[in-house]
Amino acid sequence: MAKIYSEPSHTFGEYLLVPGYSSDKCIPANVSLKTPLVKFKKGETASISMNIPLVSAIMQSVSDDKMAVALAKEGGVSFIYGSQSVEAEAEMVKKVKTYKAGYVKSDSNLSPEMTLRDVLELKEKTGHSTMPVTEDGTSDTKMVGIVTGRDYRVSRMSPDEKVSTFMTPFDKLITAPEGTTLKEANDIIWDHKLNSLPIIDKDGKLLYFVFRKDYENHKSNQNELLDTAKRYVVGAGINTRDYAQRVPALVEAGADVLCIDSSEGYSEWQRLTINWIRERYGDSVKVGAGNVVSKEGFRFLAECGADFIKVGIGGGSICITRETKGIGRGQATALIEVCEERDRYYEETGVYIPVCSDGGIVHDYHITLALAMGADFIMLGRYFSRFDESPTNKVLLNGTYVKEYWGEGSNRARNWQRYDLGGDKKLSFEEGVDSYVPYAGSLKDNVTRTLAKVKSTMCNCGCLTIAELQEKAVLTLVSSTSIIEGGSHDVILKDRQGQN
């Protein structure tokens with residue numbers, strides 16, 4: 001008969017951290033969340049580390065170049081989704097690596113013949129109130145004006161009024177030529193009391209905007225994650241089918257780290273993929289692998305040469321792998337076992353392989369639990385999909401704004417490579433759903449709030465680093481009645497917004 005674990009597997013929601021002694025040094029401002037992204041030998045440091053322990057999931061509805069830039073600004077890494085053409089993914093990576101901090105390309109172009117109704121619809125879609133007007137409404141023709149919130153009043157204008165009648169024409173704008181440095185642009189903004197400055201090429205086309213608010217934001221991004229050339233760090237997803245074409249293109253585009261995107265990583269397909277990379281690039285190309293839920297799975301991928309290993313099967317909010325196939329394991333139990341094996345492997349070999357917890361995060365405090373259980377960083381899908389920077393549409397549904405969110409195993413994504421077991425190149429059945437998530441605003445605001453909770457909890461445990469948390473943390477399983485006790489009860493709530 002089959003081997004049966006004597007203990008049931010557990011989720012994050014079944015654990016609590018027990019507070020420890022907190023010295024007067026244990027204040028959130030003193031907490032460091034720096035963590036290794038890739039493996040390293042004892043006595044050395046990782047070649048890539050992050051300033052916060054968060055990465056965004058390899059999903060169409062989560063990680064594109066816009067998300068990658070936003071998360072790198074906060075100190076984390078996005079893994080751009082691989083369920084697209086090799087050329088398209090490489091182009092996204094390239095956009096991140098060539099992104100000029102402070103220079104913003106417009107994605108809200110208008111033409112003079114468009115109307116106020118078009119302006120309002122575009123503003124609703126992108127959230128941007130500053131919109132350049134070009135000859136034909138694309139970025140390929142001359143800029144002829146600009147529309148900002150100061151150029152129109154909805155209550156006093158017809159929605160059919162043309163943009164040409166209320167835009168600020170180009171000859172009344174203060175602009176700067178191509179080649180203007182960020183310092184020079186900011187000086188012009190301050191000297192002329194502008195909110196934005198268009199950077200124009202010799203043909204009159206708009207290249208970038210420089211915004212007053214971005215100067216302040218740039219100064220406040222103390223955690224931004226940069227490579228040695230001062231470019232944002234970015235990851236990219238690969239699969240076990242077309243790696244011979246995809247990996248070279250992503251490496252050439254500048255990807256800092258790759259990750260095999262698979263629902264189940266304890267397989268020969270992953271060994272072959274890693275071997276191919278090692279034979280051609282040695283250790284210069286960093287590649288993570290997974291997902292696994294057992295010590296055997298970790299050991300297999302560690303010996304294959306993975307630079308980090310992801311843990312989790314079936315615990316994602318849009319994942320139905322457990323329902324359709326009956327495989328998986330409670331995320332907390334899986335993570336604890338894998339991290340114990342990671343530590344044994346480190347003792348035996350002197351090589352530390354970071355563990356990424358992927359799935360099962362419902363509340364912010366689950367992130368802290370995952371770190372205490374041994375994870376070096378957390379991969380999040382639903383969490384990031386709610387933000388302005390995710391690539392999906394913001395939709396008004398029953399009076400509430402939501403964003404679209406779908407799984408890679410859904411019919412919408414049809415990412416058959418992620419679930420590949422050989423044979424036909426198709427998705428035979430769904431392992432993910434198509435859904436909505438509550439819209440939550442900007443990434444920066446939400447990540448700042450989440451990490452404030454993590455730091456505060458670490459202080460309650462008397463810890464100032466993730467390594468210290470993993471060493472000192474005390475965890476307790478809780479009963480079902482304790483879980484109920486832990487929330488608000490026996491009261492009439494006024495408002496539950498913002499209580500994640």
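- Using a 4.0 Å cut-off between charged side-chain N and carboxylate O, D227 and R231 make a salt bridge.
- In this structure, K394 forms a cation-pi arrangement with Y439, its terminal cationic atom sitting closer than 6.0 Å to the ring centre and no more than 45° off the ring axis.
- Distance check, rounded to the nearest 0.5 Å: CD of E468 to CE of M458 gives 7.5 Å.
- No side-chain heavy atom of K105 sits less than 4.5 Å from a side-chain heavy atom of F209.
- With no hydrogens or angles considered, a side-chain donor-acceptor pair links N291 and D358 at under 3.5 Å.
- Nearest heavy atom pair, residue V210 against residue I189, reads O-CD1, 3.4 Å.
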inquiry  = Apply side chain to side chain contact (heavy atoms under 4.5 Å, CB included) to residues V362 and F12 and explain how you reach the verdict.
reply    = CA-CA 8 Å; V362 179; F12 293 133; over 6 Å; no
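- E404 and Y436 share no side-chain donor-acceptor pair at under 3.5 Å.
- The aromatic rings of F387 and F384 sit perpendicular, their planes meeting at an angle over 60°, well past the 30° parallel limit.
- Residue pairs meeting the ring-ring contact (aromatic ring centres under 6.0 Å, His included) criterion with at least one partner in residues 55-89, sequence neighbours excluded, are F79-F308.
- When only modelled atom types and interatomic distance are considered, Y383 and T450 share a side-chain donor-acceptor pair under 3.5 Å.
- Looking at N109 and T134, their side chains never bring a donor and an acceptor atom within 3.5 Å of each other.
- A donor-acceptor pair shorter than 3.5 Å cannot be found between the side chains of S442 and D388.
- The distance from the OG atom of S164 to the CD atom of E113 is 5.5 Å, given to the nearest 0.5 Å.
- Salt bridge annotation for D445-R449: absent, with no cationic side-chain nitrogen under 4.0 angstrom from a carboxylate oxygen.
- Under the 30°/60° scheme for interplanar angles, the aromatic rings of Y152 and F166 are found to stand perpendicular.
- Atom-to-atom distance recorded for N460:CG and K455:NZ is 14.5 Å, nearest 0.5 angstrom.
- Salt-bridge annotation for D160 and R117: present, with a side-chain N of the basic residue lying under 4.0 Å from a carboxylate O of the acidic one.
- You'll find the side chain of I200 stays beyond 4.5 Å of the side chain of E178, heavy atoms only.
- For V251, the side-chain contact (heavy atoms from CB on, under 4.5 Å) partners at least two apart in sequence or on another chain are V247, Y281, V285.
- No side-chain donor-acceptor contact under 3.5 Å links D376 to the backbone of T35.
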